[in-house]
Number of protein chains: 2
Amino acid sequence: MGKAKATRGDRAGAATTAEKIRAAAEELFCLRGFEAVSVADVAERAGVNKALVFYHFESKAHLFDLVLARYYDAHTAALAGAFADEGALAERLHRVVDAYLDFMADNRRYAALVQQQLTEPGTHARIRRHLEPLLRFLEQALAGATPPKGPLAGRQFFVTFSGMVTHYFTYAPLLGALWGGDPMSRAALDERRAHVHWLVDAILARLADERPAKARPARARTR
Amino acid sequence: MGKAKATRGDRAGAATTAEKIRAAAEELFCLRGFEAVSVADVAERAGVNKALVFYHFESKAHLFDLVLARYYDAHTAALAGAFADEGALAERLHRVVDAYLDFMADNRRYAALVQQQLTEPGTHARIRRHLEPLLRFLEQALAGATPPKGPLAGRQFFVTFSGMVTHYFTYAPLLGALWGGDPMSRAALDERRAHVHWLVDAILARLADERPAKARPARARTR
DNA sequence: GGGCGCTTTGACCGAGCGGTCAACCCGGTG
DNA sequence: CACCGGGTTGACCGCTCGGTCAAAGCGCCC
């Protein structure tokens, strides 16, 4: 139906109605989640009649899907770039961690939004398609350093790394009260960044210690 | 008002109405979250008239608070026991990790429920009171091994450890589709457990490597 | 038996929700 | 000018929600 095609000149500064609605939806969904935002809220924020939302997007769910899809794409793009093949493994991982942290800092409610989505099985297929390439990226990057199966397989580190990064942001509103100070401040974010980098190094060091014992016939520990 | 006091003999097997409601609420809230469960749902599940819910508990929010409080208490109790002072640091941390994993496995929706709570600032005070002792436990346990400030402070590891554990469970419904196999199966849970234990050891090893360089006047790297 | 007080019931309420509809506005075209 | 068709409007619908209420049920003690 309404395909939000701008027939007019599309001059900068004059956002189309559909764009205004999408922007308002993005803002509100990220602020309060899907259920807590009504279509009337979105329309009001966009400065637009409620019925227009249904004219341009066919339902609240569709609108939400669109917002989510944009997030997922931005997320994947941000990380995919950082996975670029150049540099040593440690360097690549540090790049990815930085990109991840930056993305989360720029889209603070994103983690909560995704987490909320995990509750509804209907959306699993989409999230899976989103997560799958990221998992493959990491598995491929780690291929030389970790075994393909078992507790040290890449997929375990996938959960671990993403947890280390996202957990900070989902808990941020609480951490502010638990620690003194704002966990979203520049200084706090830098501290978290340093922590995660340290963790990556610690993990790689340990993996390097273990690998030889597995790759070659088991012997006494080198080093 | 209605204080759910059982005046009768309270014979085992015959749950009071209030208890039936609480049990039903616990079940449903943990299955689908707060918003997605209606009072009518709870009443039906409990086999009870809807108005009774408001008679025994004064509102849906109160009922939810009660369920949450029980979870928080159980969580704190489970971890506090594991923090017991005996054994080396590594041993204590392994015990805590095990207790944490066990608790999460037994209360699978708990993480999602808490995460959902983080969205609503009104509940932060309660969660903070719940998390605070756990943070102090870990900070105290790590006191000898980590600096009090900066990227390696205990509070960073608090976020990291809880993330490593809980992230697995919040993402579990997706991981089943991403990996083959059920991430909640006994084998998968054991694998995750082994992974987290390995991480704890890796972290402690790295900390042990770093400590001497910090504790004594900085010198060339030993080892 | 009769009154008392807790428990239970079903009917009801106002509000808010996602979504629809018929009508209207308005610039472009013949 | 009339016509056309996409953009826009406000009124409206059916439904579900959390919560209320007056009345009924019921064990208990005088």
Side-chain angles (χ1 to χ4, degrees), chain A residues 1-11 14-26 28-29 31-68 116-117 119-120 122-123, chain B residues 1-11 14-26 28-29 31-68 116-117 119-120 122-123:
Chain A
M1 306 276 170
K3 203 55 277 217
K5 188 59 150 303
T7 32
R8 49 124 57 75
D10 227 20
R11 307 217 311 277
T16 88
T17 300
E19 274 166 359
K20 282 194 293 186
I21 295 173
R22 194 198 39 70
E26 200 163 308
L28 290 179
F29 282 143
L31 214 59
R32 313 207 299 260
F34 179 74
E35 314 237 27
V37 171
S38 74
V39 177
D41 292 338
V42 174
E44 190 188 1
R45 177 73 143 229
V48 138
N49 189 283
K50 194 184 80 165
L52 271 182
V53 175
F54 295 96
Y55 176 77
H56 287 286
F57 309 88
E58 69 178 84
S59 74
K60 183 190 177 188
H62 262 69
L63 185 52
F64 185 61
D65 282 358
L66 202 140
V67 170
L68 265 193
Q116 182 184 285
Q117 282 308 97
T119 302
E120 291 161 49
T123 63
Chain B
M1 310 267 170
K3 203 59 268 219
K5 188 58 154 298
T7 33
R8 47 124 60 73
D10 227 19
R11 307 214 312 275
T16 91
T17 299
E19 275 167 358
K20 282 194 292 186
I21 294 174
R22 193 198 39 71
E26 199 164 308
L28 290 179
F29 282 143
L31 215 59
R32 312 207 301 259
F34 179 74
E35 313 238 26
V37 171
S38 74
V39 177
D41 290 339
V42 173
E44 189 188 2
R45 177 73 143 227
V48 139
N49 188 284
K50 192 184 81 164
L52 271 182
V53 175
F54 295 96
Y55 176 77
H56 287 286
F57 309 87
E58 68 179 86
S59 72
K60 183 190 176 188
H62 261 70
L63 185 52
F64 185 60
D65 282 357
L66 203 141
V67 169
L68 265 193
Q116 183 183 286
Q117 281 310 96
T119 301
E120 291 161 50
T123 62

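Atom set for the values below is all heavy atoms of this structure, side chains included, hydrogens, waters and symmetry mates excluded. A, B, ... follow the sequence lines: proteins, then strands. Residue 1 opens every chain.
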Rounded to the Å, how far apart are [X] [atom1] and [N] [atom2]?
X	N	atom1	atom2	value
K60(A)	dG16(C)	NZ	P	15 Å
E58(A)	dC21(C)	CD	P	14 Å
F29(A)	dG18(C)	CZ	C1'	12 Å
F57(A)	dT20(C)	CZ	C1'	18 Å
I21(B)	dG19(D)	CD1	C1'	14 Å
L63(A)	dG18(C)	CG	P	11 Å
E44(B)	dC17(D)	CD	C1'	15 Å
F54(A)	dT20(C)	CZ	P	7 Å

(message) Considering every strand and a 4.0 Å limit on heavy-atom distances, what is the contact class for V53(A): base, sugar-phosphate, or nothing?
(response) nothing

(message) Categorize V37(A) for me: base, sugar-phosphate, or nothing, with a 4.0 angstrom heavy-atom threshold over every strand shown.
(response) sugar-phosphate

(request) Hey, could you give me the NE2/CG distance between H56(B) and L66(B), rounded to the nearest 0.5 Å? (result) 13.5 Å

(request) Supply the atom-to-atom distance E44(A) CD to N49(A) CG, rounded to the nearest 0.5 angstrom. (result) 12.0 Å

Please state whether the phosphate of [N], meaning OP1 or OP2, lies under 4.0 angstrom from any side-chain nitrogen or oxygen of [X].
X	N	answer
H56(A)	dT8(D)	yes
T17(A)	dG7(D)	no
S59(B)	dG18(D)	no

(request) Can you sort out the partners of F54(A) under ring-ring contact (aromatic ring centres under 6.0 Å, His included), two or more places apart, ordered by chain and number? (result) none

(message) To check you understand the geometry: which heavy-atom pair defines the closest contact between A43(A) and K50(A), and what is its length?
(response) CB-CA, 3.6 Å

(message) Within the supplied structure, the quantity of interest is the number of heavy atoms (other residues, nucleotides, ligands) at a distance under 6.0 Å from E35(A) CD; does it exceed 12?
(response) yes

(message) On the six-membered ring of F29(B), is K60(B) placed so that its NZ or CZ lies under 6.0 angstrom from the centre and within 45° of the ring axis?
(response) no

(request) Go through the steps to decide whether R32(B) and L28(B) satisfy the test side-chain contact (heavy atoms from CB on, under 4.5 Å), and finish with yes or no. (result) CA-CA 6 Å; R32(B) 312 207 301 259; L28(B) 290 179; 3.9 Å; yes

Could you write out each protein N or O paired with an N or O of nucleotides 9-16 of chain D at a distance under 3.5 Å?
{"unit_1": "dT9(D)", "atom_1": "OP2", "unit_2": "N49(A)", "atom_2": "N", "d": "3.4"}
{"unit_1": "dG10(D)", "atom_1": "OP2", "unit_2": "N49(A)", "atom_2": "ND2", "d": "3.3"}
{"unit_1": "dG10(D)", "atom_1": "N7", "unit_2": "N49(A)", "atom_2": "OD1", "d": "3.4"}
{"unit_1": "dG10(D)", "atom_1": "N7", "unit_2": "N49(A)", "atom_2": "ND2", "d": "3.3"}

